[in-house]
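Worksheet: one structure, shown below.
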Amino acid sequence: MQQNTADRRKDVAKSGNYDIYLEIDCDCEELLDAVGLDYEEVVDDTTQNEICISLNSDEFEEMQHDCNFNYTDEQDIGLFLLNAELSEYVTKVTIYKPNGDIVQFK
């Protein structure tokens with residue numbers, strides 16, 4: 001079941017983790033299945049699936065260092081979190097921080 005933004009903010013605030021939602025074109029479902037990633041169809045866009053990856057603060061810091069947020073885009077983040085082939089299909093990244101902030105790349 002899909003969560004709304006307020007629920008996602010509450011979840012990350014409780015866990016202290018960074019929840020990163022990657023929207024990825026549904027044409028690559030076979031690739032996602034092949035690597036064993038769980039995904040759900042995006043509620044308001046049936047052409048996209050959504051993957052959630054949770055990072056602790058150290059892992060998130062490493063991602064920020066490798067994907068300088070001043071210059072990066074959604075595909076760079078997909079490359080860091082997934083792989084080169086899947087990153088080409090990433091169309092949007094939404095990061096829910098434990099402090100309640102939301103960062104998007106599209």
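Considering only residues two or more places apart in sequence or on other chains, D44 meets the side chain to side chain donor-acceptor pair (under 3.5 Å) condition with none of them. Among residues two or more places apart in sequence or in another chain, the side-chain contact (heavy atoms from CB on, under 4.5 Å) test is passed with E61 by none. D33 is linked by a side-chain contact (heavy atoms from CB on, under 4.5 Å) to Y39, counting only residues two or more places apart in sequence or in another chain. For D25, the side-chain contact (heavy atoms from CB on, under 4.5 Å) test picks out D27, Q48, Y89, with sequence neighbours left out. Applying the side chain to side chain donor-acceptor pair (under 3.5 Å) criterion to N70, with sequence neighbours excluded, gives N68. For F105, the ring-ring contact (aromatic ring centres under 6.0 Å, His included) partners are F69, not counting sequence neighbours. In terms of the side chain to side chain donor-acceptor pair (under 3.5 Å) criterion, residue partners of S54 (sequence neighbours excluded) are, by chain and number, D19. Not counting sequence neighbours, the partners of Q104 by the side-chain contact (heavy atoms from CB on, under 4.5 Å) test are K92, T94, I102, K106.
Atom CD of E41 sits about 8.0 Å away from atom CD of E29, to the nearest 0.5 Å. Once rounded to the nearest 0.5 Å, the distance linking CD1 of I53 with CD1 of I20 reads 7.0 Å. Between Q64 atom CD and S57 atom OG the span is 11.0 Å, to the nearest 0.5 Å.
Screening V90, L32, D38 for a side-chain contact (heavy atoms from CB on, under 4.5 Å) with I51, the sole residue that qualifies is L32.
Aromatic pair Y21/Y96: centroids less than 6.0 angstrom apart.
The closest side-chain heavy-atom distance from V93 to E23 is not below 4.5 Å.
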Test side chain to side chain donor-acceptor pair (under 3.5 Å) applied to N49 and E40, step by step = CA-CA 5 Å; N49 288 318; E40 292 182 12; over 6 Å; no

Would you check, one step at a time, whether the test side chain to side chain contact (heavy atoms under 4.5 Å, CB included) holds for L55 with M63?
-> CA-CA 9 Å; L55 302 178; M63 184 184 77; 4.1 Å; yes

Assess whether side chain to side chain donor-acceptor pair (under 3.5 Å) is satisfied between N99 and D101, documenting all intermediate values.
-> CA-CA 6 Å; N99 67 1; D101 288 349; 3.3 Å; yes

When the side chains of residues 71-84 are checked against the rest of the protein, which donor-acceptor pairs come out under 3.5 Å, sequence neighbours left out?
| unit_1 | atom_1 | unit_2 | atom_2 | d |
| --- | --- | --- | --- | --- |
| T72 | OG1 | D76 | OD2 | 3.3 |
| D73 | OD1 | Q75 | N | 3.1 |
| D73 | OD1 | D76 | N | 2.9 |
| Q75 | NE2 | E88 | O | 3.1 |
| N83 | OD1 | E85 | N | 3.1 |
| N83 | OD1 | L86 | N | 2.7 |

